[in-house]
Amino acid sequence: MARTPYIAANWKMNKTVAEAAEFVDALLPRIAATQHDVVVCPPFTALHEVVERRRGTAVRVAAQNMHEAESGAFTGEVSAPMLVELDVEAVVLGHSERRQFFGETDAALARKVPAALAHDLEPILCVGESEEGRDAGETETVLERQLQADLAEVADADLPRVVIAYEPIWAIGTGKVATPEQAQEACAFIRDVLRGRGAAADEVRILYGGSVKPDNAAELLALPDVDGALVGGASLDAEDFAAIVEAAG
Ligand code: PGA
């Protein structure tokens with residue numbers, strides 16, 4: 001089954017509106033011919049600018065988080081209808097930095113993923129083990145637990161609408177990229193878990209994230225169960241990010 005490669009730029013808490021505009025202007029000519037799904041995930045403040053600048057191009061825009069409620073007394077939060085109003089198309093959910101530093105729980109994710117789908121926002125759900133987890137041989141246990149919990153309220157038929165990002169925490173921002181064997185093994189395992197739920201698992205895009213760079217992207221993206229990349233540090237530079245998009249074939 002041919003899955004369209006999916007390459008996403010997770011800027012995290014980087015880029016002002018002016019810097020975001022500069023990036024988009026530099027990126028667009030470099031990826032004009034791509035057939036891949038190219039997704040940019042700016043901070044909330046730059047969403048509008050990126051959405052407007054990429055109009056008429058293949059670039060799609062994702063937020064980095066969202067609250068599951070449509071509105072309410074949740075100071076500092078942003079909801080799905082607010083993102084949809086801006087023409088944002090996707091949302092990163094459950095990034096390990098949110099789990100680690102901001103108390104994001106599997107219980108909240110079990111509400112956020114269906115809330116995103118209900119508003120036609122494509123969830124990019126992040127899962128991944130810690131270094132201790134891997135050393136203790138618990139990678140598969142952790143992945144299975146996160147997937148089952150975070151997707152508990154998603155109908156099996158809707159699972160292909162979710163993009164999964166496998167991001168081993170020890171590889172994020174460390175320069176310590178997973179080996180092709182580790183990335184393939186974990187992404188294949190994730191597909192098996194989804195298949196076990198009765199999903200059309202061959203349709204689900206599964207990304208690898210963690211120290212993806214222009215010089216290691218081609219090898220990772222060629223793996224049979226790795227359908228794309230969620231890129232942090234290297235996505236801040238338009239030339240580097242375009243090179244990763246190109247490395248997807
Ligand atoms: P990195 O981040 O590419 O800087 O390791 C990846 C991510 O956190 O999505």
Side-chain angles (χ1 to χ4, degrees), residues 5-15 19-20 23 27 36-44 46-47 50 59-66 88-104 109 112-113 116 122-131 133-134 139 142-143 146-147 150 162-180 182-184 186-187 190 205-221 223 226-248:
Y6 192 108
I7 313 293
N10 176 16
W11 288 352
K12 311 190 179 188
M13 196 175 72
N14 291 290
K15 293 198 190 291
E19 289 164 345
F23 176 99
L27 178 68
H36 305 335
D37 280 343
V38 178
V39 181
V40 177
C41 319
F44 288 127
L47 284 171
V50 175
V59 172
R60 294 161 71 229
V61 183
Q64 297 175 15
N65 184 30
M66 134 203 141
V88 167
E89 291 121 328
V91 59
V92 177
L93 293 173
H95 190 280
S96 64
E97 286 151 15
R98 296 226 52 92
R99 294 178 190 256
Q100 247 181 307
F101 305 134
F102 303 100
E104 180 83 284
L109 289 164
K112 288 184 179 197
V113 179
E122 179 174 71
I124 305 169
L125 174 67
C126 303
V127 295
E129 81 287 0
S130 64
E131 183 148 43
R134 176 159 286 269
T139 299
V142 170
L143 293 177
Q146 290 178 331
L147 290 166
D150 302 348
V162 180
V163 173
I164 309 286
Y166 167 60
E167 296 213 313
I169 298 170
W170 47 271
I172 296 177
T174 58
K176 205 166 132 187
V177 64
T179 65
Q182 288 169 328
Q184 167 56 26
C187 291
I190 288 169
R205 258 89 62 85
I206 302 177
L207 320 181
Y208 166 79
S211 298
V212 176
K213 307 288 175 205
D215 63 359
N216 61 25
E219 190 176 25
L220 291 160
L221 292 166
L223 298 166
V226 175
D227 307 316
L230 183 55
V231 187
S235 78
L236 296 173
D237 180 273
E239 202 171 322
D240 283 353
F241 183 62
I244 294 170
V245 172
E246 201 166 318

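Position 1 is the first residue of the sequence, and the numbers go up from there. Because the structure is predicted, anything quoted here is derived from the model rather than measured. Both ligands and their constituent atoms are indexed starting at 1 by order of listing.
Heavy-atom separations between G209 and ligand 1 are all 4.0 Å or longer. Under a 4.0 Å heavy-atom criterion, A234 is not in contact with ligand 1.
Taking 4.5 Å as the limit, every side-chain heavy atom of Y208 sits out of range of all side-chain heavy atoms of Q182. Contact of the L223 side chain with the C187 side chain is not registered, since no non-hydrogen atoms from C-beta on lie closer than 4.5 Å. Inter-residue side-chain proximity for L27 and V40 is flagged as met; some heavy-atom pair is nearer than 4.5 Å. Taking the side chain as every heavy atom from C-beta outward, V226 and E219 never approach each other to under 4.5 Å.
Distances between N or O atoms of K213 and those of ligand 1 include no value under 3.5 Å. No N or O atom of T174 sits closer than 3.5 Å to an N or O atom of ligand 1. Between G173 and ligand 1, a contact under 3.5 Å exists for at least one N or O pair. When only interatomic distances are considered, the shortest N/O to N/O separation between G233 and ligand 1 falls below 3.5 Å.
For F23, the ring pair (Phe, Tyr, Trp, His ring centres under 6.0 Å) partners at least two apart in sequence or on another chain are W11.
Shortest contact from atom 3 (O) of ligand 1 to any protein heavy atom: G232 N, 2.8 Å. For atom 7 (C) of ligand 1, the closest heavy atom belonging to the protein is E167 OE2, 3.2 Å.
A donor-acceptor pair under 3.5 Å links the side-chain atoms of R99 to the main chain of G94, judged by distance alone.
Against a heavy-atom cut-off of under 4.0 Å, H95 is close to the following atoms of ligand 1: 7 (C), 8 (O), 9 (O). If you number the atoms of ligand 1 from 1 as listed, the ones under 4.0 Å from a heavy atom of G210 come out as 5 (O).
Note on residues 167-178: pairs passing side chain to side chain donor-acceptor pair (under 3.5 Å), not counting sequence neighbours, are H95-E167, E129-W170, E131-K176.
Atom CG of residue D37 and atom CG of residue L207 lie 10.0 Å apart, to the nearest 0.5 angstrom.
Contacts with ligand 1 closer than 4.0 Å are made by side-chain heavy atoms of N10 only, the backbone lying farther away. With a 4.0 Å heavy-atom cut-off, ligand 1 is reached by the backbone of A171 but not by any atom from C-beta on.
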